[in-house]
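Keep in mind that this is a model prediction, so the values were computed, not measured. Residue numbers count from 1 along this sequence.
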Amino acid sequence: MKKDRKMWSALRFRLLPVIKLYLLGFKVLLVQLLNKPLRLPVMPRQDGTVAIVTGGGRGIGYEVVRHLARLGAHVIIGGRDELEGLAAIRRICEEYKEAKVEFRKLDLASLHSVRQFAQTFKERKLPLNILVNNAGVMLVPEGRTADGFEQHFGVNYLGHFLLTWLLLDTLKASGKCGSISCVVNVSSSVHCIGEIRLDDLNSCQHYSAHAAYCHSKLAQLLFSYQLHQEMQRGGFPVISCAVDPGMVDTALYCHLWTPLRLAQSAIARLLFRTPAEGAATVLSAALSPALDEDCGGGYWANGCREMTTPPNFEPQLQLSLWEISIQLLRLQ
């Protein structure tokens, strides 16, 4: 009897997140079909702006880098795949001869790599006006990062938390020089079915790749809100935004079960947003200080800032996650 209960419990923890995720995906797809994709307004030139975009070698990140470079910003792509990053730079420079784009190695699954990336950047004494935490993994098989963290939690959330923390002084200093600095965390609508279990952040008790992905996106959202509050309380010229780019046709779906991946590939070309359309909301949030100094961070979806608070937003949970993350990363 006890064995049966354990089996049913394990099945529930594995099956329920799958059902929730795909039902939500269907709902999001319907909403997208009923709404026209965002078209970016004419954005101001970004000459003198320095931006870092993680995962900027492909997909949404690439389109963000491409657009910022076209506006005159100096953009640094942080990514694992050097060949992919250099190929992205070549394509952008062929399109915009004067583009200032470069690649720097960054593996968010390694805290050492994150620290090395941040240190190298700071040694150059460049300003930092925009940080786009875009890179991520989805539905990867159960595994651990180089530092022993569950992969979704470690890459999507904890690696970006550390990167932002290490670059925060530069963001603050850059914001004082006439323009507010901005941190953009690329989250997802799946945050609404995520759950933060502070006693099991590594999903050791019951592992589900679907649940772990949703949890990591909720963690990103809570981090974004807490960071914004910390900056506002300290009077620092830095805002923090969380962004839902929608369902976008990118390589993020490569770990789907093979039959589903084949179906997704066929449907995506017709119904999903293009990477450029997905990047539009990210760019709107990232460039919002240049358009409206009272934009106030927040949660962005469908190209605009939503005034409502997400239903699973809990201030105490947000603070607890922030404090535990600082402990895990040994930042104090």
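- Between V114 and D107, the shortest heavy-atom contact is CG2-O, 3.9 Å.
- Closest approach of L139 and H152 over heavy atoms only: N-NE2, 2.9 Å.
- At least one donor-acceptor pair under 3.5 Å links the side chain of E150 to the backbone N or O of F153.
- In this structure the side chain of W322 reaches within 4.5 angstrom of the side chain of L227, judged on heavy atoms.
- In plain terms, the two heavy atoms of P237 and G175 that are nearest each other are CG-C, 3.4 Å.
- To the nearest 0.5 Å, the span separating CG on N129 from CD1 on I52 amounts to 10.5 Å.
- A donor-acceptor distance shorter than 3.5 angstrom exists from the side chain of S240 to the backbone of S224, with no hydrogens or angles considered.
- N185 places no side-chain N or O within 3.5 Å of a backbone atom of A242 that could act as its donor or acceptor partner.
- Rounded to the nearest 0.5 angstrom, I196 CD1 and Y157 OH are separated by 8.0 Å.
- For the pair S320 (side chain) and L317 (backbone), a donor-acceptor distance under 3.5 Å is absent.
- Heavy-atom minimum distance, R115 versus L331: NH2-CD2, 4.3 Å.
- Tested against E95 for a side chain to side chain donor-acceptor pair (under 3.5 Å), the candidates R90, R66, R70 yield a single pass: R66.
- Summarising the geometry of G278 relative to V248, their closest heavy-atom pair is CA-CG2, 3.8 Å, with the distance given to 0.1 Å.
- In this structure, the side chains of E63 and L283 stay at 4.5 Å or more apart for every pair of heavy atoms.
- Inter-residue side-chain proximity for L171 and L128 is flagged as met; some heavy-atom pair is nearer than 4.5 Å.
- L198 and L329 fall within the same hydrophobic cluster, defined by Ile, Leu, Val, Met, Phe, Trp and Tyr side-chain heavy atoms under 4.5 Å apart, directly or through other members.
- Connection of V31 to L29 is not established within any shared hydrophobic cluster, with ILVMFWY side chains joined at heavy-atom distances below 4.5 Å, either directly or through further cluster members.
- In the hydrophobic clustering of ILVMFWY residues, with side-chain heavy atoms under 4.5 Å counting as a link, L30 and L24 come out apart.
- Between F121 and V50 there is a side-chain heavy-atom pair separated by less than 4.5 Å.
- Screening residues 205-217 for salt bridge (Lys or Arg N to Asp or Glu O under 4.0 Å), with sequence neighbours left out, gives no hits.
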Do V53 and I130 pass the side chain to side chain contact (heavy atoms under 4.5 Å, CB included) test, and can you show the C-alpha distance, the side-chain angles, and the key distance before you say yes or no?
CA-CA 8 Å; V53 181; I130 298 171; over 6 Å; no
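- To the nearest 0.5 Å, atoms CG (N134) and CZ (R58) are separated by 10.5 Å.
- For Q32 (side chain) and F272 (main-chain N/O), no donor-acceptor pair under 3.5 Å exists by modelled atom type.
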Go through the steps for Q226 and E230 under the test side-chain hydrogen bond (donor to acceptor under 3.5 Å, both in side chains), then give the verdict.
CA-CA 6 Å; Q226 183 65 27; E230 294 285 336; 2.8 Å; yes
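- Looking only at distances, a side-chain donor or acceptor of H191 sits under 3.5 Å from a matching main-chain atom of S188.
- Side chain of S174 to backbone of P127: no donor-acceptor contact under 3.5 angstrom is found.
- To the nearest 0.5 Å, atom OG of residue S216 and atom CG of residue L158 are 11.0 Å apart.
- To the nearest 0.5 Å, the span separating OG on S203 from OH on Y213 amounts to 14.5 Å.
- Nearest heavy-atom pair, A69 versus V75, reported as atom, atom and distance to 0.1 Å: N-CG2, 4.0 Å.
- Looking at K105, its side chain does come within 3.5 Å of a backbone N or O of R80 through a donor-acceptor pair.
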Begin from the C-alpha positions of I77 and Y62 and carry the test side chain to side chain contact (heavy atoms under 4.5 Å, CB included) through to its verdict.
CA-CA 9 Å; I77 297 172; Y62 169 78; 6.0 Å; no
Side-chain polar contacts of residues 159-169 - donor-acceptor pairs under 3.5 angstrom, sequence neighbours left out - could you list them?
unit_1, atom_1, unit_2, atom_2, d
H160, ND1, N156, O, 3.0
H160, NE2, T54, OG1, 2.9
T164, OG1, N133, ND2, 3.0
T164, OG1, H160, O, 2.8

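- With R144 contributing its side chain and N202 its backbone, the two residues share a donor-acceptor pair below 3.5 Å.
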Evaluation steps, side chain to side chain contact (heavy atoms under 4.5 Å, CB included), between R197 and H215:
CA-CA 9 Å; R197 296 192 296 271; H215 300 343; 3.8 Å; yes
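- Using a 4.0 Å cut-off between a side-chain N of Lys or Arg and a carboxylate O of Asp or Glu, R124 and E102 qualify as a salt bridge.
- Tracing side-chain contacts under 4.5 Å through hydrophobic residues (I, L, V, M, F, W, Y), one reaches L126 starting from F117; they form part of the same cluster.
- Between the side chains of Q119 and E123, at least one donor N or O lies within less than 3.5 Å of an accepting N or O.
- Summarising the geometry, atom CG belonging to L21 is positioned 5.0 Å from atom CD1 belonging to I193; distances are rounded to the nearest 0.5 Å.
- At least one side-chain heavy atom of K172 sits under 4.5 Å from a side-chain heavy atom of M231.
- Side-chain contact between D244 and S187: absent, with no pair of heavy atoms (C-beta onward) separated by less than 4.5 Å.
- Judged by distance alone, the side chain of R273 and the main-chain N or O of P245 form a donor-acceptor pair under 3.5 Å.
- V184 has its side chain out of reach of W300: every pair of non-hydrogen atoms, C-beta onward, lies at least 4.5 Å apart.
- Put simply, L321 and L319 are part of two different groups of oily side chains (I, L, V, M, F, W, Y) that touch within less than 4.5 Å, one to the next.
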